[in-house]
There are 2 protein chains.
Amino acid sequence: MALSTRIKGSPTAPRISDEALRPFVGYSIKRAMNVIRADLRDVLDPMDLRMITFSALTLIGDNPALSQAQLAAALSVERPNLVAVIDELYGRGLISREKVPTDRRTYALRLTTQGARLLARATEAVQAHEDKLLEGLDPDDLATLRRVLADIERNGTERS
Amino acid sequence: MALSTRIKGSPTAPRISDEALRPFVGYSIKRAMNVIRADLRDVLDPMDLRMITFSALTLIGDNPALSQAQLAAALSVERPNLVAVIDELYGRGLISREKVPTDRRTYALRLTTQGARLLARATEAVQAHEDKLLEGLDPDDLATLRRVLADIERNGTERS
DNA sequence: TATTGTTATACTCTATAACTATA
DNA sequence: TATAGTTATAGAGTATAACAATA
């Protein structure tokens with residue numbers, strides 16, 4: 001099976017340039033994101049996880065008893081789009097949902113033992129994937145990358 | 001209408017942390033990408049363009065007479081997914097498709113006058129959007145960002 | 001045999017409106 | 001009135017297999 005991260009396109013036709021789009025930082029971010037998504041898919045597929053289910057497990061593990069609305073806000077995901085995710089994780093026995101006595105609209109989400117176990121495995125695999133992807137890059141540059149990405153995110157969300 | 005770049009989630013529920021995901025650069029890239037996508041949508045919607053149609057117009061303008069396969073390779077998009085894009089641009093009179101005598105399987109794509117005009121307008125709008133998004137950021141940091149993103153993309157695609 | 005453009009298809013992601021039950 | 005979780009839905013984005021025409 002061809003890895004989803006393979007180089008696309010014909011091996012014979014002369015490659016043309018995407019220089020005209022490179023001035024746009026958004027374009028470079030999108031290309032990097034597509035590479036990461038494809039790699040991450042290969043990593044998470046064997047565990048039957050996707051980016052969103054992995055992210056949800058991680059935040060539930062780190063913020064026990066949080067609600068779906070809190071999770072949606074933390075992940076910047078629309079609440080309706082989390083319903084199927086939570087259903088899936090719950091159906092697989094990876095999380096529990098307890099009713100909250102003080103607010104009967106909400107559920108408190110927690111990892112089950114099995115969920116914590118899978119999350120640990122997945123985290124290790126994802127970390128290894130990231131390490132490979134960032135191999136050889138300067139730590140200072142990576143720190144700058146994180147900071148600038150956060151700045152961009154803030155510039156975009158603040159100007160609403 | 002609420003801008004799509006608004007901050008999601010409840011204004012009252014205590015915000016919980018996504019710190020557990022921040023060690024993953026991929027997570028920060030995805031969040032930044034989502035912000036950019038939403039903003040760009042607001043910018044391109046009035047011109048009936050999407051990221052992919054804008055990108056296609058840009059590369060066709062910069063590489064006249066290229067083929068769909070070349071365009072797909074340059075954009076890292078699967079060829080089938082370009083068919084509807086090209087159909088749309090052609091149907092709106094923004095590009096031309098001439099048969100190539102030396103290879104009758106392919107079409108040579110070019111901007112029409114109208115396509116060039118729309119592209120010029122769109123490019124200006126997208127550039128203004130980027131300028132706002134990158135406002136206040138250090139030019140050296142932005143240069144680092146571009147370089148590191150390219151490195152990540154290469155690390156990911158080379159290891160196929 | 002291999003490539004181009006295409007059809008068909010499926011899954012994922014993102015977004016919005018509107019409902020219910022609770023607050 | 002407003003929020004939490006939900007249903008329904010629609011539009012994008014991404015990926016793969018397979019076909020006809022052509023190389």
Side-chain angles (χ1 to χ4, degrees), chain A residues 1-6 8-14 30-31 33-38 40-42 44-45 48-56 66-73 75-88 90 97 99-109, chain B residues 1-6 8-14 30-31 33-38 40-42 44-45 48-56 66-73 75-88 90 97 99-109:
Chain A
M1 140 203 157
L3 282 181
S4 48
T5 49
R6 81 189 183 286
K8 289 161 183 142
S10 154
T12 60
K30 177 167 179 46
R31 296 204 48 131
M33 187 60 226
N34 284 354
V35 165
I36 290 169
R37 190 204 320 282
L40 212 43
R41 205 187 58 160
D42 293 339
L44 292 177
D45 249 8
D48 265 305
L49 289 173
R50 293 170 291 150
M51 229 189 299
I52 186 62
T53 49
F54 171 74
S55 301
L66 85 173
S67 69
Q68 286 181 216
Q70 286 173 312
L71 180 58
L75 288 173
S76 269
V77 162
E78 298 295 339
R79 279 178 297 278
N81 296 330
L82 264 190
V83 173
V85 171
I86 296 300
D87 278 355
E88 181 191 332
Y90 180 72
R97 311 175 65 183
K99 292 227 165 188
V100 175
T102 58
D103 185 342
R104 285 165 41 221
R105 293 172 302 182
T106 74
Y107 295 93
L109 307 176
Chain B
M1 140 201 159
L3 284 181
S4 48
T5 49
R6 80 192 181 285
K8 290 162 185 141
S10 155
T12 59
K30 177 168 179 48
R31 296 202 49 128
M33 187 60 226
N34 284 354
V35 165
I36 290 169
R37 189 202 322 279
L40 212 44
R41 205 187 60 161
D42 294 339
L44 292 176
D45 249 8
D48 266 305
L49 289 174
R50 293 170 291 151
M51 229 189 302
I52 184 63
T53 49
F54 170 74
S55 300
L66 85 174
S67 70
Q68 285 181 216
Q70 286 173 313
L71 180 58
L75 287 173
S76 269
V77 162
E78 298 295 338
R79 279 178 298 279
N81 296 331
L82 264 191
V83 173
V85 171
I86 296 300
D87 278 356
E88 182 193 330
Y90 180 72
R97 310 176 67 184
K99 294 229 163 184
V100 175
T102 57
D103 186 341
R104 284 165 43 220
R105 292 172 302 181
T106 74
Y107 294 92
L109 307 176

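Residue numbers start from 1 in every chain, and the chains themselves are labelled A, B, ... in the order their sequence lines are given, proteins ahead of strands. The basis for the numbers below is simple: all heavy atoms, side chains too, and nothing from hydrogens, waters or symmetry mates.
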* Asked: With sugar-phosphate meaning primed atoms plus P, OP1 and OP2, does A:Lys99 contact a base, only sugar-phosphate, or nothing at under 4.0 Å between heavy atoms?
  -> nothing
* Asked: Which nucleotide, D:dT7, C:dT6, C:dT22, lies nearest any side-chain atom of A:Arg105?
  -> C:dT22
* **Atom pair distance, as rounded to whole Å: CD in A:Gln70 and P in D:dA4** => 8 Å
* Whole-Å gap separating P (D:dA15) and CZ (A:Arg50) -> 15 Å
* Figure out the CG/P separation between B:Asp48 and D:dG11, and round it to whole Å. => 13 Å
* When the distance from NZ of B:Lys30 to P of D:dG13 is rounded to whole Å, what number comes out? -> 13 Å
* Once you round to the nearest 0.5 Å, how far does CZ of B:Arg79 lie from CD of B:Gln68? -> 10.0 Å
* Could you say whether B:Tyr107 or A:Ile52 is positioned toward the 5' end of DNA chain C, judged by the nucleotide with the nearest heavy atom to each? => B:Tyr107
* Asked: What is the distance from CZ of B:Arg79 to P of C:dA2, rounded to the nearest Å?
  -> 14 Å
* To do: Determine whether any donor atom in the side chain of A:Asn81 lies under 3.5 Å from an acceptor atom in the base of C:dA15, or the reverse, and answer yes or no.
  => yes
* How is A:Ile86 classified with respect to the nucleic acid when contacts are heavy atoms under 4.0 Å: base, sugar-phosphate, or nothing? -> nothing
* Looking only at side-chain N and O atoms, does B:Arg37 come under 4.0 Å of OP1 or OP2 in C:dC13? -> no
* Structure fact -> Winner on side-chain proximity to B:Pro80, out of D:dT16, D:dA23, C:dT14, is D:dT16
* To do: Give the rounded distance in Å between these two atoms: CD1 of A:Ile36 and C1' of D:dG13.
  => 17 Å
* To do: Answer whether the closest heavy-atom distance between the side chains of B:Thr53 and B:Leu44 falls below 4.5 Å.
  => no
* May I ask you to evaluate whether A:Gln68 reaches the phosphate of D:dT6, defined as a side-chain N or O under 4.0 Å from OP1 or OP2? => yes
* Asked: What is the distance from CZ of B:Phe54 to P of D:dA12, rounded to the nearest Å?
  -> 17 Å
* Structure fact -> Whole-Å distance, B:Arg41 CZ to D:dG11 C1', equals 9 Å
* Determine: side-chain N/O of A:Arg97 to OP1/OP2 of D:dT6, distance under 4.0 Å, yes or no. => yes
* Which is true for A:Leu82 with a 4.0 Å heavy-atom rule: it touches a base, it touches only sugar-phosphate, or it touches nothing? -> nothing
